[in-house]
Amino acid sequence: MAHDQLFKELLHDFFAEFMDLFYPDVAARLVFTDVAFLDNDLYTDTPGGKLREPDLVVRVATTEGTPEIIVVHIEVQRRRGGDFGARMAEYYALLRLRHRVPVFPIVLYLTRGAGGIGVDRYQESVFSAVVMTLDYYRIGVPDLAADDYLESDNPLAYGLAALMRPGPRGPAETKSAWIRRPPRSAFNHAQTLVW
């Protein structure tokens with residue numbers, strides 16, 4: 001199975017756990033019983049525009065009246081690229097125009113150097129005047145400390161811990177603790193997908 005496809009399936013199966021693990025304040029405002037995984041084919045123009053395919057696009061209801069629904073866009077990236085911010089801005093604009101609701105953009109990096117959890121910014125300027133700014137949320141999984149996640153009851157945390165920095169335990173002991181986790185179907189499924 002292709003690496004990107006594996007993570008798309010993982011995030012599809014564990015969407016609520018993903019949001020709760022990395023964005024608990026946002027997760028507390030979402031209704032996970034009212035979730036729809038949307039078609040991710042976007043075109044830059046009709047009828048002959050370029051095809052854009054974001055990795056995961058999810059429509060989810062909120063616990064608050066406004067907005068009633070949002071779109072969560074999660075992009076899985078192996079490494080940081082020079083034009084990635086522009087691509088996130090394009091995805092944001094296409095999703096916002098198609099669905100007419102707010103979009104919560106997230107990138108999940110799978111190689112070191114992204115800096116853990118934070119916010120990245122993309123800006124466009126014309127004649128030194130900033131005309132557009134997009135802040136999008138960043139998770140650099142390999143820059144996170146596995147020890148911070150190994151005691152979690154969140155199955156996704158335990159599955160992703162294998163990709164994180166092992167810390168003082170060292171890689172062998174971290175992987176051993178990960179493998180010895182008490183069997184639970186959700187843990188096993190997350191571990192199997194990441195493994």
Side-chain angles (χ1 to χ4, degrees), residues 1-30 32 35 37 40 53-58 60 72-88 91 104-122 134-195:
M1 180 184 294
H3 207 246
D4 286 354
Q5 186 62 34
L6 182 147
F7 274 90
K8 288 177 195 178
E9 288 192 23
L10 183 74
L11 295 173
H12 183 280
D13 292 350
F14 292 95
F15 173 68
E17 291 83 358
F18 173 82
M19 293 302 294
D20 189 53
L21 182 64
F22 294 115
Y23 302 104
D25 292 344
V26 174
R29 300 166 81 171
L30 301 178
F32 292 109
V35 169
F37 294 90
N40 63 348
E53 294 180 274
D55 288 331
L56 191 69
V57 181
V58 185
V60 58
V72 177
H73 164 220
I74 303 170
E75 198 64 22
V76 178
Q77 282 294 111
R78 289 193 182 140
R79 62 187 62 85
R80 294 169 68 93
D83 68 340
F84 184 71
R87 190 158 48 118
M88 284 298 281
Y91 284 148
F104 189 78
I106 304 167
V107 58
L108 183 73
Y109 287 112
L110 302 178
T111 55
R112 292 193 189 282
I117 298 173
V119 177
D120 285 343
R121 174 169 284 173
Y122 173 75
L134 174 70
D135 288 343
Y136 56 96
Y137 297 84
R138 171 197 74 234
I139 305 163
V141 175
D143 296 322
L144 300 174
D147 286 346
D148 294 343
Y149 294 88
L150 284 172
E151 302 307 317
S152 174
D153 283 333
N154 185 318
L156 188 61
Y158 221 79
L160 290 176
L163 303 176
M164 297 176 185
R165 285 185 294 111
R169 294 178 191 231
E173 190 178 333
T174 298
K175 188 161 268 191
S176 175
W178 179 76
I179 291 169
R180 288 191 317 262
R181 182 72 180 184
R184 296 183 195 170
S185 61
F187 283 108
N188 291 343
H189 182 56
Q191 289 175 329
T192 301
L193 284 171
V194 173
W195 190 269

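None of these values were measured; they are calculated from a predicted model.
Atom CG of Leu156 sits about 10.0 Å away from atom CG of Asp20, to the nearest 0.5 Å. Separating the CD1 atom in Ile106 from the CE atom in Met88 is a distance of 8.0 Å, to the nearest 0.5 Å.
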**Message:** Determine whether Phe37 and Phe15 satisfy the following criterion, side chain to side chain contact (heavy atoms under 4.5 Å, CB included), listing intermediate values before the conclusion.
**Reply:** CA-CA 10 Å; Phe37 294 90; Phe15 173 68; 4.1 Å; yes

**Request:** Test Leu160 against Leu10 for side chain to side chain contact (heavy atoms under 4.5 Å, CB included), laying out the working first.
**Result:** CA-CA 10 Å; Leu160 290 176; Leu10 183 74; 4.1 Å; yes

**Pair Ile117-Tyr137, side chain to side chain contact (heavy atoms under 4.5 Å, CB included): steps then yes or no** = CA-CA 8 Å; Ile117 298 173; Tyr137 297 84; over 6 Å; no

**Request:** Would you please test Phe104 and Tyr23 for ring pair (Phe, Tyr, Trp, His ring centres under 6.0 Å) and show each step?
**Result:** CA-CA 11 Å; Phe104 189 78; Tyr23 302 104; 5.5 Å; yes

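Minimum interatomic distance between Ile74 and Phe18 (heavy atoms only, all atoms of both residues): CD1-CE2, 3.5 Å. What you find for Ala157 and Leu21 is that their closest heavy atoms are CB-CD1, 3.5 Å. Between Leu30 and Met19, the shortest heavy-atom contact is CD1-CE, 4.2 Å. Closest approach of Ile139 and Leu144 over heavy atoms only: CG2-CD1, 4.2 Å. The two residues Gly85 and Tyr136 have their closest heavy-atom pair at CA-OH, 3.5 Å. Taking each heavy atom of Ala145 and Met164 in turn, the nearest pair found is O-SD, 4.1 Å.
Pro142 is not listed as a side-chain neighbour of Arg165, based on a closest heavy-atom distance of 4.5 Å or more. Proximity of Phe84 to Glu75: side-chain heavy atoms (C-beta onward) are separated by under 4.5 Å at one or more points. Considering only heavy atoms from C-beta on, Phe14 comes within 4.5 Å of Pro155 through its side chain.
Side-chain N/O atoms of Gln77 and Arg138 include no donor and acceptor closer than 3.5 Å.
The backbone N or O of Arg121 lies less than 3.5 Å from no partner atom in the side chain of Asp135, so there is not a single donor-acceptor pair. Of the possible donor and acceptor atoms, one in the side chain of Asp143 sits under 3.5 Å from a partner among the backbone N and O of Gly113.
The neighbour count for Arg29 CZ, taken as heavy atoms of other residues, nucleotides or ligands under 6.0 Å away, does not exceed 12.
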